[in-house]
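Data first, discussion second: the structure below is written as structure tokens.
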Amino acid sequence: MAEIINGKIVSAKIREQIARDVSDFKTAEGRAPGLAVIVVGDDPASAVYVRNKHKACLEVGITSYQIEFPASISEEELLFKIDELNRDESVNGILVQLPLPKHINESAVINRIDPKKDVDAFHPENVGRIMIGDYSFLPCTPAGIMALLDYYNVTVEGKRCVVIGRSNIVGKPMALLLLERNGTVTVCHSKTRGILEICREADIIVVAVGRKEFLKADMVKPGAVIIDVGINRGADGKLVGDVAFEGVSAVASMITPVPGGVGPMTITMLLQNTVTAARMQKL
Ligand code: GUN
């Protein structure tokens with residue numbers, strides 16, 4: 001049976017350190033680092049994520065500003081708010097919860113955020129920096145996965161790594177980070193041919209496709225390390241990952257569960273990026 005990679009435990013350890021860093025920042029600066037989260041409309045999943053982010057900020061002592069707009073807000077009004085937050089010195093990090101309503105251009109919004117406050121690392125300047133390995137922030141999910149691999153002493157160098165999914169938020173930056181650690185990286189997606197054979201060669205597989213139990217036991221080499229980024233709802237309403245956990249955990253050496261694997265790490269990395277941003281801005 002595979003060892004469980006416990007994101008709750010790793011997350012709690014890292015958050016203890018973040019709370020100490022926040023406290024030191026407060027002592028030095030007379031105020032806590034601040035994170036502004038903007039949510040547009042009333043998507044229920046977004047509401048849950050935003051609530052969890054707010055709670056996590058309070059737990060480590062980061063000041064959290066939650067800004068809610070109706071789905072009818074114009075792009076112009078949203079950009080105006082971002083300009084205001086860019087100027088506000090008490091706000092060190094800005095996050096606009098995605099997805100946005102269709103009438104708002106997501107790139108225009110992301111591009112408007114000051115790259116120094118872009119704690120999601122979605123701005124083209126930060127994306128470019130990651131490409132060349134000269135970055136201050138990493139996108140939260142891939143950063144959280146690297147922290148998990150490090151905590152469990154999983155070396156990447158020389159390993160065959162397969163990333164399934166090529167989103168800007170997870171798949172693409174994940175592939176770059178594994179490459180930076182000298183992994184041999186293959187990115188698979190919906191048009192990939194022979195995915196079964198490709199996965200069977202992998203020492204490390206990161207699955208971020210958003211399809212219930214996509215990765216099956218017969219796609220996994222014995223002893224492989226499996227990272228499941230999926231958050232899907234099963235027919236019974238329970239959370240299900242992109243990995244068929246029961247079968248795959250009989251073959252793999254290590255595996256992340258859903259929930260309790262990658263999920264808790266994502267918010268932890270957001271907190272860490274906020275502290276990093278606050279420190280950078282006082283320089
Ligand atoms: N929606 C789903 N994941 C994310 C994320 O990491 N950041 C933002 N801003 N929106 C999201």
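We count ligands from 1, going down the list as the structure has it; atoms in each ligand are counted the same way. We number each residue from 1, following the sequence as shown.
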| message | Regarding Lys81 and Glu77, does a basic nitrogen lie under 4.0 Å from an acidic carboxylate oxygen? | response |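 Looking at Lys81 and Glu77, the cut-off is not met.
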| So, Asp242 and Arg211, do they make that salt bridge, N to O below 4.0 Å? | no
Could you give the N/O to N/O pairs under 3.5 Å linking ligand 1 and the protein, each with its distance?
| unit_1 | atom_1 | unit_2 | atom_2 | d |
| --- | --- | --- | --- | --- |
| ligand 1 | 1 (N) | Gln97 | NE2 | 3.2 |
| ligand 1 | 1 (N) | Leu98 | O | 2.9 |
| ligand 1 | 7 (N) | Asp120 | OD1 | 3.1 |
| ligand 1 | 7 (N) | Asp120 | OD2 | 3.3 |
| ligand 1 | 9 (N) | Val96 | O | 2.8 |
| ligand 1 | 9 (N) | Asp120 | OD2 | 2.6 |
| ligand 1 | 10 (N) | Leu98 | N | 3.0 |

| message | Between Thr184 and Arg160, is there a side-chain donor-acceptor contact under 3.5 Å, judged purely by atom types and distance? | response | no
| message | I need the minimum non-hydrogen distance between Val156 and Leu178, along with the two atoms involved. | response |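 The pair with the smallest heavy-atom distance is CG1-O, 3.6 Å.
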| field | Any donor-acceptor N/O pair, Asn273 side chain to Leu138 backbone, under 3.5 Å | value | yes
| Do the side chain of Lys116 and the main chain of Met280 share a donor and acceptor less than 3.5 angstrom apart? |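 Such a contact is absent between Lys116 side chain and Met280 backbone.
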